[in-house]
Amino acid sequence: MRHTGLPARRTAHHLLMQITVEHRLLSELVAAGALADLPPDDRARAQRLTLDTLRGLDRADRMLKPYLKKTPPPFVMNALRLGLTELCHGEAAHGVVNAYVEIVAKNKRTQSMKGLTNAVLRKVAAEGPEGWSKRPMPITANWLRAPLVAAWGRKAVTAIEAAHFAGAPLDLTVKGDAAAVAKAVGGTVLPTGTVRIANASQVSAMPGYTQGDWWVQDAAAALPVRLLGDVTGLSVLDLCAAPGGKTMQLAAAGAQVTALDVSARRMARVTENLARVGLTARTVVSNAFAFGEGGFDVVLLDAPCSATGTLRRHPDLPYAKDGSEIGGLISQQEAMIDHALTLLRPGGRLMFCTCSLLPDEGEVQVDEALVRHPGLATAPLDLPGLSPDWTTQEGGIRLRPDYWADIGGMDGFYMAMLAKPA
């Protein structure tokens, strides 16, 4: 019997319901086994379809609106969104329409709407990719868009949204020769040393994976460690280490690394990653505030944050979250900066960073830390490939998804190096 793709579509529908109705993150659902019953091909298809639909959700809803007298229940609406996404990406109408009609018909509460589903998707199919391409760029959920516009202006936010909609290439941090790895995997070396692959295959099947030649890490996330300069022999604490990208960078650069994370499960992943790439670090499972060892030359604090800089890879976030947790995260970041400074030797350096696009989780945190701690100062940050325009008033570096747009963009990120008085 010919495989119809129905299991993957059912799973994508389940994921979309969990994200948009139950407000759960995709990573949380995957970790809980939402894809576990599918074979690898269907697993990849379900996840890809979910991500594609989330990236274009605003555009999908605008395209569906003329065909709906009123918004149907979420179960039906999400089936229409998925079907529209497939149709507008060129999938054959017959298979797509039949699949989502079946999904709607199997639910007793929505089976009466199978005719509506059929009719709407057939009208969408008549528009197809051409109709899709004419629609405006999808915009971010308002709880996030409003503060982004306040921070960066409408023109910049439109460019950021275009980067989000485009998605993200695969970035690799390399243990050795970046040019050799780029040649082996069919990638290019970015100005800051990251290897980028535009159309990546299965990661674990790529050349150099089993040999531990590289690990996956966005180009922006790789910069805080690169900006530390030569760390050979220095004692470095990676204060929120999981999943371990920065820990591996530090170990590969010759630092004496202590990697700390509050989650035993996440720390197990750090240990696994270190083993795969043949690097060593001391690992500690602990609450950061309970860790009292001091005298480190460097503390790297990639603080818990809203993760609003990662929407290219995590388009579920604006639908799973509503921004209500950000105030608590800001308070936590402030406390973690203060605690991290106590773990440094006199004259030591704190690299503070967040994968957030919100100044309150970046520039403002550093401004306020400089006021709270007399004698504390930002240290200059410089690296080939960085634009001077990315340096901020207080001495940090602000990265946005629309930077490097012509070569695939980058995650939104903020970083600053704070020097403790000697």
Side-chain angles (χ1 to χ4, degrees), residues 4-26 28-29 34-35 45-91 93-129 131-145 161 164-165 311 314-323:
T4 63
L6 190 59
R9 287 168 170 142
R10 285 191 187 282
T11 300
H13 185 267
H14 169 73
L15 293 172
L16 204 57
M17 288 294 293
Q18 290 293 304
I19 293 162
T20 61
V21 179
E22 301 299 330
H23 306 295
R24 297 180 67 188
L25 289 167
L26 180 59
E28 172 190 327
L29 295 166
L35 302 173
R45 182 176 181 176
Q47 198 159 356
R48 184 173 61 249
L49 177 54
T50 303
L51 292 171
D52 285 347
T53 303
L54 288 164
R55 282 195 183 96
L57 203 67
D58 171 70
R59 181 185 276 189
D61 287 357
R62 290 168 187 259
M63 193 166 173
L64 288 167
K65 189 174 182 179
Y67 303 128
L68 297 168
K69 291 181 180 178
K70 62 179 182 178
T71 303
F75 192 93
V76 176
M77 191 65 183
N78 280 327
L80 293 173
R81 289 162 165 169
L82 288 161
L84 181 147
T85 300
E86 289 203 69
L87 291 168
C88 292
H89 282 73
E91 290 291 329
H94 179 75
V96 172
V97 175
N98 286 352
Y100 292 104
V101 167
E102 181 173 342
I103 287 170
V104 169
K106 288 284 186 181
N107 184 331
K108 290 182 180 178
R109 293 182 178 181
T110 62
Q111 60 186 197
S112 63
M113 305 189 81
K114 65 181 182 181
L116 170 74
T117 304
N118 180 72
V120 169
L121 289 180
R122 292 201 178 280
K123 289 173 182 175
V124 168
E127 285 199 65
W132 174 254
S133 64
K134 291 177 180 177
R135 294 306 197 281
M137 186 68 61
I139 62 173
T140 307
N142 193 57
W143 71 262
L144 177 55
R145 193 174 204 269
E161 288 168 338
H164 289 164
F165 185 51
L311 265 61
H314 304 291
D316 52 313
L317 192 144
Y319 303 101
K321 302 288 185 179
D322 61 6

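Note that the coordinates shown come from a computational prediction; the quantities given were computed from them, not determined experimentally.
Across Asp58 and Pro138, no two heavy atoms sit closer than the pair OD2-CA, 3.4 Å. In terms of heavy atoms, Gly83 sits closest to Val96 at O-CG1, 3.6 Å. Taking each heavy atom of His13 and Phe75 in turn, the nearest pair found is NE2-O, 2.7 Å. Closest approach of Ala46 to Leu15, counting heavy atoms only: O-CD1, 4.5 Å. In terms of heavy atoms, Leu25 sits closest to Lys321 at CD1-CE, 3.9 Å. Of all the heavy atoms in Ile19 and Arg24, the pair that sits closest is CG1-O, 3.2 Å.
Here Leu87 contributes atom CG and Lys123 contributes atom NZ; the two are 14.5 Å apart, rounded to the nearest 0.5 Å. With rounding to the nearest 0.5 angstrom, the OG1 atom of Thr53 is 11.0 Å from the CZ atom of Arg48. Of the inter-residue distances, the one linking Tyr319 atom OH with Leu144 atom CG reads 10.5 Å to the nearest 0.5 angstrom. With values rounded to the nearest 0.5 angstrom, Glu86 atom CD is found 10.5 Å from Leu84 atom CG. With rounding to the nearest 0.5 angstrom, the CE atom of Met77 is 5.5 Å from the OG1 atom of Thr71. Rounded to the nearest 0.5 Å, atoms CG (Asn78) and OH (Tyr100) are 10.5 Å apart.
Using a cutoff of 4.0 Å between basic side-chain nitrogens and carboxylate oxygens, Arg135 and Glu127 are scored as salt-bridged.
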Steps toward side-chain contact (heavy atoms from CB on, under 4.5 Å) verdict (Leu29, Asp316): CA-CA 11 Å; Leu29 295 166; Asp316 52 313; over 6 Å; no
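A heavy-atom distance below 4.5 Å is not found between the side chains of Cys88 and Arg59. Residues Val76 and Leu80 have side chains in contact (heavy-atom distance under 4.5 Å, counting atoms from C-beta outward). Residues Thr20 and Pro74 form no side-chain contact, since every pair of their non-hydrogen atoms from C-beta on lies 4.5 Å or further apart. Side-chain contact check for Leu6 versus Ile103: some heavy-atom pair is nearer than 4.5 Å. Proximity of Leu54 to Leu16: side-chain heavy atoms (C-beta onward) are separated by under 4.5 Å at one or more points. In this structure, the side chains of Lys134 and Met63 stay at 4.5 Å or more apart for every pair of heavy atoms. For the pair Leu116/Val104, no side-chain contact is recorded, criterion being any heavy-atom separation below 4.5 Å from C-beta on.
Relative ring orientation between Trp132 and His89 is described as tilted, the plane-to-plane angle lying within the 30° to 60° band.
Residue pairs meeting the side-chain hydrogen bond (donor to acceptor under 3.5 Å, both in side chains) criterion with at least one member in residues 106-121, sequence neighbours excluded: Asn118-Arg122. The list of salt bridge (Lys or Arg N to Asp or Glu O under 4.0 Å) pairs with a residue in residues 71-85, not counting sequence neighbours, reads Asp61-Arg81.
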